[in-house]
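All chains are named by letter (A, B, ...) in the order of the sequence lines, taking the proteins before the strands, and each is independently numbered beginning at 1. This one's a predicted model, so the numbers in the text were calculated from it and none came from an experiment.
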2 protein chains.
Amino acid sequence: MTKLTNTSDEIIRCARTLIIAGGYNGFSYADIADVVGIRKASIHHHFPSKVDLVRTLLQLYREEAKAGLATVKSYNTDPADQLRAYINYWTACIGDPTSSFCVCALLASQIPVLPPEIVVEVRAHFRTLSTWLASVIEEGATQNAFSLTGTAQSEAESFMAAVHGAMLSARVYGDEKVFSVVTEPLIERLINDQGK
Amino acid sequence: MTKLTNTSDEIIRCARTLIIAGGYNGFSYADIADVVGIRKASIHHHFPSKVDLVRTLLQLYREEAKAGLATVKSYNTDPADQLRAYINYWTACIGDPTSSFCVCALLASQIPVLPPEIVVEVRAHFRTLSTWLASVIEEGATQNAFSLTGTAQSEAESFMAAVHGAMLSARVYGDEKVFSVVTEPLIERLINDQGK
DNA sequence: CACAGCCTACCTTCTAGTAGGTAAATATCA
DNA sequence: TGATATTTACCTACTAGAAGGTAGGCTGTG
């Protein structure tokens, strides 16, 4: 994996926060330079171009996400608990402006104007997440803990879409509660239908 | 209502398309000038500042949206049909790059970096939409056509979030079908639970 | 005339990115 | 070991182009 010094790590963290706030065109090297406390040119030393920076950032984000999802699975045997752990992660993030949105979900909205190298990473993250959700939901169905109305994959796409939409609503209303209002019933719905 | 000449109307239409593609910072006066076929300065004649342009654009969009939602209600007596008409509208839009996303939903993702005048309009649209959805869902519940798991308002927030998330997924995957996969079960879920 | 609608020409500020230099850490090797 | 390369991490100073916006001048119409 790409080695990261303290400074380049700090640059990435800062860029991530700025992207979460305003997307790809919502931040500049100057913004990062101000926060990190080095000069613009020094950022180019670490990341020759903006695309390099954001691509690296996304690769790192995706690795963290994959590791996180794997951890959720290893620490929870119950599929419902696995989904709850995923939701709880984001519930904890929603209030914090530096992490209140999935970087990939945010960039996703700007796909038509994004460099192709970035689009590839964003798309890959969506596939990773929906595949993970589908496997958890599939597992729940196999255990007769969940009853599905469609395929596990389509249930996963619905689940993911609802979470992303909930992030958006929380941002618009400036109210963290909306996120929970939307996401909490998602898991209950899978479980409650059990008796059919 | 603000009077609009042919040209300023064209400017607004063009800006709307560009915002749908890349958000507030994703387009410039130069971009619009190229498409409309006039000079940058002439756009400033119609809309002194970028904020003026986008605010007017959003006011117009909101009026159209409100009129559209009212029309849906007047043409469909069945609440389920009203929801279907709303979903069908967006299903028809999803494939077309110039209208494949709700302008307000797109801008919503960038709220932290948006001028306050714009945020107000975006937030107002979300409230209008969720209130409309809640009233339709409430009506369905009163008629015993729908059975709700929460309040009409919370069902409405879930419905809206799912639709916005579905737009995002369709964009990421470059696949219109995902939108239908996510949105179609939304209405069925409200209905199917009826027998309880 | 007055004004709408457009123009050319310009301004300032910001954008990503480059050129080239300095000082310190780190390899390399006699 | 000590002398010598090389690399890392930063810097100042700069570029070309794009950003939003302004000043002021034409031209046609009510």
Side-chain angles (χ1 to χ4, degrees), chain A residues 1-19 21-58 60 107 110 112-119 121, chain B residues 1-58 60 106-107 110 112-119 121:
Chain A
M1 163 65 222
T2 320
K3 207 194 98 191
L4 292 174
T5 65
N6 287 345
T7 304
S8 60
D9 194 54
E10 216 178 323
I11 292 168
I12 293 228
R13 265 182 234 288
C14 176
R16 188 188 287 194
T17 301
L18 292 170
I19 288 177
Y24 191 82
N25 293 315
F27 79 100
S28 71
Y29 271 43
D31 295 329
I32 297 174
D34 283 348
V35 177
V36 176
I38 56 174
R39 298 303 164 126
K40 251 181 26 165
S42 308
I43 303 175
H44 282 284
H45 165 73
H46 293 277
F47 306 99
S49 77
K50 196 175 179 178
V51 173
D52 291 319
L53 169 55
V54 178
R55 199 194 328 104
T56 308
L57 182 160
L58 287 179
L60 209 72
L107 289 173
Q110 307 179 335
V113 297
L114 252 36
E117 302 95 315
I118 305 304
V119 174
E121 297 295 335
Chain B
M1 156 71 220
T2 320
K3 206 195 102 191
L4 293 173
T5 65
N6 286 344
T7 304
S8 62
D9 193 54
E10 216 180 322
I11 292 168
I12 292 226
R13 265 182 233 288
C14 176
R16 185 187 289 192
T17 300
L18 291 170
I19 288 177
I20 287 170
Y24 191 82
N25 292 316
F27 79 101
S28 70
Y29 271 43
D31 295 329
I32 297 174
D34 283 348
V35 177
V36 176
I38 56 174
R39 298 303 165 127
K40 251 180 27 166
S42 307
I43 303 174
H44 283 284
H45 167 73
H46 293 278
F47 305 100
S49 77
K50 196 175 180 180
V51 174
D52 290 320
L53 168 55
V54 177
R55 198 192 331 103
T56 308
L57 182 160
L58 287 178
L60 210 70
L106 207 135
L107 289 174
Q110 307 179 332
V113 298
L114 252 35
E117 301 95 315
I118 305 303
V119 175
E121 297 295 334

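Here C/dC7 presents its P atom at 13 Å from NE2 of B/His44, a figure rounded to the nearest Å. A straight line from CG of A/Asp34 to C1' of C/dT15 spans 14 Å, rounded to a whole angstrom. Regarding A/Asp52, its CG atom lies at a distance of 13 Å from the P atom of C/dA16, rounded to whole Å. Straight-line distance from the CG atom of A/Leu53 to the P atom of C/dA16: 10 Å, rounded to whole Å. Taking atom CG on B/Asn25 and atom P on C/dT13, their separation rounds to 19 Å, with Å as the unit. Look at NZ on A/Lys40: it is 12 Å from P on D/dT12, rounded to the nearest Å. Atom CZ in A/Arg39 sits roughly 17 Å away from atom C1' in C/dA19 (whole-Å rounding). One interatomic measurement links the two molecules: CD1 of B/Ile43 to C1' of D/dG21, which rounds to 12 Å at whole-angstrom precision.
Within the structure, a side-chain polar atom (N or O) of A/Thr7 is placed less than 4.0 Å from OP1 or OP2 of D/dC10. The phosphate of D/dA19 has OP1 or OP2 within less than 4.0 Å of a side-chain N or O from B/Ser28.
Applying the salt bridge (Lys or Arg N to Asp or Glu O under 4.0 Å) rule to pairs touching residues 43-54 of chain A yields A/Asp52-A/Arg55, sequence neighbours excluded.
The side chain of A/Tyr29 lies closest to C/dG17, out of C/dG17, C/dT15, D/dT12. Distances were taken from every side-chain heavy atom of B/His46 (C-beta onward) to each of C/dG5, D/dT12, C/dG17; the shortest belongs to C/dG5.
Taking only distance into account, the side chain of B/Lys50 never meets the base of D/dA19 through a donor-acceptor pair shorter than 3.5 Å.
Remark: side-chain polar atoms of B/Tyr29 are paired, donor with acceptor, to backbone N or O of B/Ser49 under 3.5 angstrom. B/Asp31 places a side-chain N or O within 3.5 Å of a backbone atom of B/Ser28 that can act as its donor or acceptor partner.
Between the CG atom in B/Leu18 and the CD1 atom in B/Ile32 there is a gap of 6.0 Å [rounded to 0.5 Å].
Looking at A/Val51 and A/Tyr24, their side chains come closer than 4.5 Å, going by heavy atoms from C-beta outward.
Two residues, A/Ala41 and A/His45, neighbour DNA chain D, and the one matched to the more 5' nucleotide by heavy-atom proximity is A/His45.
Base contact: A/Ser42 has a heavy atom under 4.0 Å from a base atom.
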